[in-house]
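For reference, the structure discussed in these notes is given below.
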Amino acid sequence: MSEQRIKCAIIGSGPGGYTAAIYASRAGLNPIVFTGTAPGGQITMTDQIDNFPGYPEGISGFGLMEDIRKQAERFNTEIRNKSIIRVDFSKRPFVLETEDKDIILAESVIISTGASARWLGIESERKFRGMGVSTCATCDGFFYRKKDVAVIGGGDTACSEALYLSTICNKVYLVVRRDQLRASKAVQDMLLAKENVEILWKQKPVEILGDEEGVTGLKVVSSDNGEEKSIDVMGVFVAIGNIPNTELFKGQIELDEAGYIKTQGASSYTSIEGIFAAGDVQDPRYKQAITAAGSGAIAAIDCEHWLMEHPLQ
Ligand code: NAP
């Protein structure tokens, strides 16, 4: 257990957090990044990223985050593989407590804790989690080589997961609750060209079937006529969106109805002076790696200017 006073703490290590770190370290704020339990953030689960500028051939999410992390370290950002488990934003310096009870007294904080995968919330999903139910095709797709799997959802995540799985698995069912996809046109076009992907339109997943060995199928119900049917699959990938990781800040900082941190206008200013937010944790709309990175830059610039105007003895 120790106590340390610092100028700038960055909570979270996705594109927003690490980009904030590049800017904050170059501005001489000597930031410390607390990575949380998933260094690199949610994007490390993405197999192929083709829309982050600077990578003409695309790059994996893991590779991208390795590059951004190394860039932050080049300017002497300190990266701690620890989680912040408690915060007190009631007075400056702000108090952050790590999982091993270290106390950080931070003059400013940039929150970039991202978002986590949303679950369907049905009992059988909980039962078979890790036994055939997953939210990460890049992590778990390998286990379903030449097998049949289902992906639930119709957004960019679901379609990218289905595309990736189509290269490994025998057959991929994409279970979509409406009669249209939400994913970008480029991803939709790639998916529709895949022969081993079948889209099950207007189908709502109601139960994941299985035995003591794991998942054996998925029961869906038609939103048109209520007809129920089961498909035989050994893996079910849930990709139905995200929820912001703001549990830690509830009651201390202003959140919107969906739990995202509210920021002021185009800035990263939150409801508390000296606390800034970047990336998916404050973005219910765009949620791209590049927009998260951009907002990380904004947060560090806001933070630098604010610290100059509000020095703390
Ligand atoms: P999303 O865009 O919110 O899509 C969620 C999908 O899941 C929708 O098709 C939604 O159906 C469906 N869904 C939600 N709840 C459901 C339920 N209970 N049962 C069945 N289906 C359900 O989420 P996302 O795909 O994770 O994407 C989030 C953001 O990240 C988006 O802005 C996306 O563009 C971005 N993203 C970008 C990339 C990329 O650019 N490479 C990759 C991944 C994600 P409805 O359409 O009916 O609501």
Side-chain angles (χ1 to χ4, degrees), residues 14-16 40-65 112 114-126 133-139 141 150-165 172-192 197 199-208 218-224 228 231 233 236-245 256 258-260 279-295:
Q42 240 196 338
I43 195 167
T44 56
M45 295 186 191
T46 303
D47 172 53
Q48 174 76 10
I49 305 211
D50 283 322
N51 54 8
F52 199 94
Y55 294 94
E57 306 305 323
I59 184 166
S60 70
F62 183 80
L64 175 66
M65 292 319 300
S112 189
S116 298
R118 183 190 296 283
W119 293 92
L120 291 164
I122 54 178
E123 177 51 33
S124 49
E125 173 189 60
R126 239 184 315 275
V133 174
S134 167
T135 55
C136 178
T138 317
C139 322
V151 177
I152 299 170
D156 276 314
T157 305
C159 293
S160 305
E161 301 270 88
L163 266 177
Y164 174 68
L165 290 165
V172 180
Y173 295 95
L174 185 69
V175 181
V176 181
R177 68 178 174 181
R178 288 188 298 142
D179 60 353
Q180 54 182 284
L181 299 171
R182 223 178 244 275
S184 57
K185 178 149 185 342
V187 175
Q188 287 195 30
D189 288 348
M190 280 193 277
L191 193 72
L192 293 170
V197 175
I199 304 184
L200 304 180
W201 299 105
K202 297 205 219 171
Q203 299 293 328
K204 193 169 170 275
V206 286
E207 190 181 350
I208 292 158
L218 175 68
K219 195 188 275 183
V220 293
V221 60
S222 159
S223 49
D224 256 352
E228 238 178 45
I231 48 172
V233 288
V236 174
F237 291 85
V238 181
I240 58 167
N242 301 299
I243 39 176
N245 295 324
D256 71 10
Y260 290 88
D280 285 7
V281 75
Q282 53 83 55
D283 172 16
R285 182 157 181 201
Y286 299 103
K287 300 182 203 167
Q288 305 296 301
I290 188 64
T291 52
S295 74

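Atoms within each ligand, like the ligands themselves, are counted from 1 in listed order.
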Identify the protein heavy atom lying closest to atom 47 (O) of ligand 1, giving its residue, its atom name and the separation to 0.1 Å. Arg178 NE, 2.7 Å

Which atom names give the shortest non-hydrogen contact between Ser116 and Asn245, and what distance separates them? OG-OD1, 2.6 Å

Hey, which atoms in ligand 1 end up nearer than 4.0 Å to a heavy atom of Gly241? 5 (C), 23 (O), 26 (O)

Quick one: pull up CD in Gln203 and CG in Leu218 and give me the separation to the nearest 0.5 Å. 9.5 Å

Output yes when the distance from some N or O of ligand 1 to some N or O of Gly154 is under 3.5 Å, and no in every other case. yes

How far is atom 35 (C) of ligand 1 from its nearest protein heavy atom, and which residue and atom name does that atom have? Gln288 NE2, 3.3 Å

The protein heavy atom nearest to atom 34 (O) of ligand 1 is Asp156 OD2, 2.7 Å

What I want to know is whether Arg118 and ligand 1 share at least one N or O pair that is separated by under 3.5 angstrom. no

Output yes when a side-chain donor or acceptor of Asp179 lies under 3.5 Å from a complementary backbone atom of Lys202, and no otherwise. no

Does the residue Asn51 have a heavy-atom contact with ligand 1, meaning some pair of atoms that are separated by less than 4.0 Å? yes

Among Lys202, Glu161, Met45, Arg182, the residue with a heavy atom nearest to atom 2 (O) of ligand 1 is Arg182

Hey, is Asn242 touching ligand 1 through its side chain, its backbone, both or neither, going by heavy atoms under 4.0 Å? side chain

Considering only the protein, which heavy-atom contact is closest to atom 25 (O) of ligand 1, and what is its distance? Thr157 N, 2.9 Å

Does Ser160 reach ligand 1 with a nitrogen or oxygen that is under 3.5 Å from one of the ligand's nitrogen or oxygen atoms? no

For atom 17 (C) of ligand 1, the protein heavy atom that lies nearest, with its residue and separation: Arg177 NH1, 3.6 Å

Give the atom numbers and elements of ligand 1 that come within less than 4.0 Å of a heavy atom of Gly153. 7 (O)

Which of the listed options, Ile240, Thr135, Thr46, Leu120, holds the heavy atom that is closest to atom 5 (C) of ligand 1? Ile240

Counting N and O atoms only, with roles assigned by atom type, does the side chain of Ser295 sit under 3.5 Å from a partner on the main chain of Gly279, one being a donor and the other an acceptor? yes

What is the closest protein heavy atom to atom 32 (O) of ligand 1, and at what distance does it sit? Tyr286 O, 3.3 Å

Counting distance only, does the side-chain N/O of Asp256 pair as donor-acceptor with the main-chain N or O of Gly259 below 3.5 Å? yes

For residues Asp280 and Gln42, is any side-chain donor paired with an opposing acceptor at under 3.5 Å? no

When rounded to the nearest 0.5 Å, the distance separating CZ of Arg285 from NZ of Lys287 is 11.5 Å

So, for Cys159 and Ala183, which heavy atoms are closest and what is the spacing to 0.1 Å? SG-CB, 3.6 Å

Give the atom numbers and elements of ligand 1 that come within less than 4.0 Å of a heavy atom of Lys287. 29 (C), 30 (O), 32 (O), 35 (C)

Heavy atoms of Met45 and Glu161 approach each other most closely as O-OE1, 4.5 Å

Would a 4.5 Å heavy-atom cut-off, applied to side chains only, mark Val187 and Leu181 as touching? no

